[in-house]
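Below, read A as the first sequence line, B as the second, and so on, with proteins coming before strands; counting in each chain starts at 1. Computed from a predicted model, the values in this text were never measured in an experiment.
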Protein chains: 2
Amino acid sequence: MPASRTADDRNAPQRCQSCVLRQTGICSALTAEQVTRLSRVSHHRTFEPGEVILRSDDKPMFWAGVVTGVVKLTKLLVDGRQQIVDLLFPSDFVGRPFSKQTPYFAEAAVRTELCCFRIADFEKMLSDNPDMKQHLFEHTLNKLDTAHDWMVLLGRKTAEERVASLLYLLVTRARLAQSLDSKDACVPSFELHLKREEMASFLGLTYETVIRQIKALDSQGIITINSRREFSVSNLETLRLAAAWVRAEDLTI
Amino acid sequence: MPASRTADDRNAPQRCQSCVLRQTGICSALTAEQVTRLSRVSHHRTFEPGEVILRSDDKPMFWAGVVTGVVKLTKLLVDGRQQIVDLLFPSDFVGRPFSKQTPYFAEAAVRTELCCFRIADFEKMLSDNPDMKQHLFEHTLNKLDTAHDWMVLLGRKTAEERVASLLYLLVTRARLAQSLDSKDACVPSFELHLKREEMASFLGLTYETVIRQIKALDSQGIITINSRREFSVSNLETLRLAAAWVRAEDLTI
DNA sequence: CGTTCGCTTGAGCCTTTTCAACCACTGTGG
DNA sequence: CCACAGTGGTTGAAAAGGCTCAAGCGAACG
């Protein structure tokens, strides 16, 4: 699946040092020299919106970290019903280690840049770097925690709470990403990376219901609809309450 | 939380060699001698049905493997709504490593025997035994996969499919456990370890709906109700179809 | 022998889905 | 330049699946 090395890949050693994975992701466990060594077996690849990154049941050929963009992980039922089971943001990982089969479809939601490793290189990398393995282990444990939180949403929350939960998650994500770039503390407005249909698929609803609940949140003044893909949130705490979110710490997706 | 060492614990070295955890669980990664050494810092503890094992948000004091019984992991919303996010069976683990807070309530569903370690001993054990850590890592990855499967159930399946899914999961579990003891290939009838209410909480339904769907499965001949807590399944494949389960391999809970 | 807990059943209601139509925007080709 | 198709988004009306509420049953247990 990964294309051959691009011209860009030959700049890898420099590029790697400023990568998001280096700063907060898996490469933060490495020394500068180790990163340089690693950069020789990694290569970047860009996926367009809707492009499939990994196919369910396929033998995994590569493993990757998300550098920019958003990846959705979806599962299908035999009759075509589908559910997004996770959204991946920069510093998250795509691929199922230690398995003969990929358990989901990974698809780019927006234009997405991945840092890819061949499976063999990746597994060697892990056994060579216990700290890296530890990082990935803890990341997996966090993912399990947030999956459990999402199960509460899917099992028990109302449609309005679900939509509020997703918007809260996305606005928090946006703040997080922004505070890394600039020191701007508040994000009044944020852009939606997802279609209504994708929101619905992640929330266990239909897209019509999502539309109606977004409108309901707007008419209650909890959010303001700027355009189809952009919203403002004046009071984050109000949104959190509307989401029936248990604790802020739960928000690690 | 763990009680002081019992008389039983002094027999630990012998007991450990025949334990489920030794055969298929985390201790399978150890030599007999390592197990003996480990048995000195472990101790067993029994929990009665409904007894709380770990409390959400508490600092984790111990970590344990399930030897016998069933443990349910539940999450609560502020207003009291609750969702069971996982069921643990023998050879599963209770406790969240590498975290300051337990992310859920762990409660015994039936009489349950745990093999407990103090957190400090446990973390030392992991760093001393890379194979053990690897085992736990892969176990966590499996748990994540099954959590994703359950998200599909909660987000997309009908009430009948949900109930069928749970029964299929439990009957498969029962077969698995039985084939370890005897070589009996088929389990026509199996006992339910859960109350209707617990089934509902795991399935994102109300218990009335669970009751009605069990009845519906019975009247379609997919299962037979022997008693309130015991069912028979003549054709496992029919049940699997009713459950809209994607693949048999998904069933690792 | 009464109480409690778990389970069952029924009736009506409500949230969400389904179905269908329509709108807004974008890119394409005549 | 405009007709056209295609995609994503919006709205309304009707249907339905599952929930709520209420009552009753049965086994276990003190």
query = Starting at the 5' end of DNA chain D, which residue's closest nucleotide do you reach first, A:Arg156 or A:Arg229?
reply = A:Arg229

message = Output the rounded distance in Å from CG (A:Leu192) to C1' (D:dG8).
response = 13 Å

query = Who are the side-chain hydrogen bond (donor to acceptor under 3.5 Å, both in side chains) partners of A:Arg228, not counting sequence neighbours?
reply = none

Residue list, salt bridge (charged side-chain N to carboxylate O under 4.0 Å, His left out) with B:Arg196, at least two apart or on another chain = none

task = Please work out if B:Gly50 contacts a base, only the sugar-phosphate, or nothing of the nucleic acid, heavy-atom cut-off 4.0 Å.
result = nothing

ask   = Is there any side-chain hydrogen bond (donor to acceptor under 3.5 Å, both in side chains) pair reaching into residues 212-223 of chain B, and which pairs are they, with sequence neighbours excluded?
value = B:Glu160-B:Gln220

key: B:Thr224: side-chain hydrogen bond (donor to acceptor under 3.5 Å, both in side chains) partners, not counting sequence neighbours   = none

request  = Return the set of residues passing salt bridge (charged side-chain N to carboxylate O under 4.0 Å, His left out) with A:Lys72 (not counting sequence neighbours), or none when no residue passes.
outcome  = A:Glu107, A:Glu198

ask   = Using a distance-only test with no angle check, is there a side-chain donor-acceptor pair under 3.5 angstrom linking B:Ser227 and B:Glu230?
value = no

key: A:Thr209: partners by side-chain hydrogen bond (donor to acceptor under 3.5 Å, both in side chains), with sequence neighbours left out   = A:Thr206

What pairs of nitrogen or oxygen atoms, one from the protein and one from nucleotides 24-29 of chain D, lie under 3.5 Å apart?
none

query = How close or far is atom P of D:dC19 from atom CG of B:Leu203, stated in whole angstroms?
reply = 10 Å

ask   = Is any NZ, NE, NH1 or NH2 atom of the basic residue among B:Glu113 and B:Arg45 found under 4.0 Å from an Asp or Glu carboxylate oxygen of the other?
value = no

query = For DNA chain C, which nucleotides open and close the run of contacts to chain B, 5' to 3', at under 4.0 angstrom from a non-hydrogen atom?
reply = C:dG6 to C:dA11

Residue pairs involving residues 217-244 of chain A (criterion ring pair (Phe, Tyr, Trp, His ring centres under 6.0 Å); sequence neighbours excluded) = none

ask   = A:Glu197: what forms a side-chain hydrogen bond (donor to acceptor under 3.5 Å, both in side chains) with it, not counting sequence neighbours?
value = none

Set of residues satisfying side-chain contact (heavy atoms from CB on, under 4.5 Å) with respect to B:Ala164, sequence neighbours excluded = B:Leu217, B:Leu239, B:Ala242, B:Ala243

Heteroatom pairs (N/O) under 3.5 angstrom, protein to nucleotides 11-17 of chain D:
residue	atom	partner	partner atom	Å
D:dT11	OP2	A:Lys215	NZ	3.2
D:dG12	N7	A:Arg212	NH2	2.7
D:dG12	O6	A:Arg212	NH2	2.9
D:dA13	N6	A:Arg212	NH2	3.4

request  = Give a yes/no answer on whether the side chain of B:Thr206 brings an N or O atom under 4.0 Å of OP1 or OP2 in D:dG18.
outcome  = no

request  = Figure out the NZ/P separation between A:Lys195 and D:dG6, and round it to whole Å.
outcome  = 16 Å

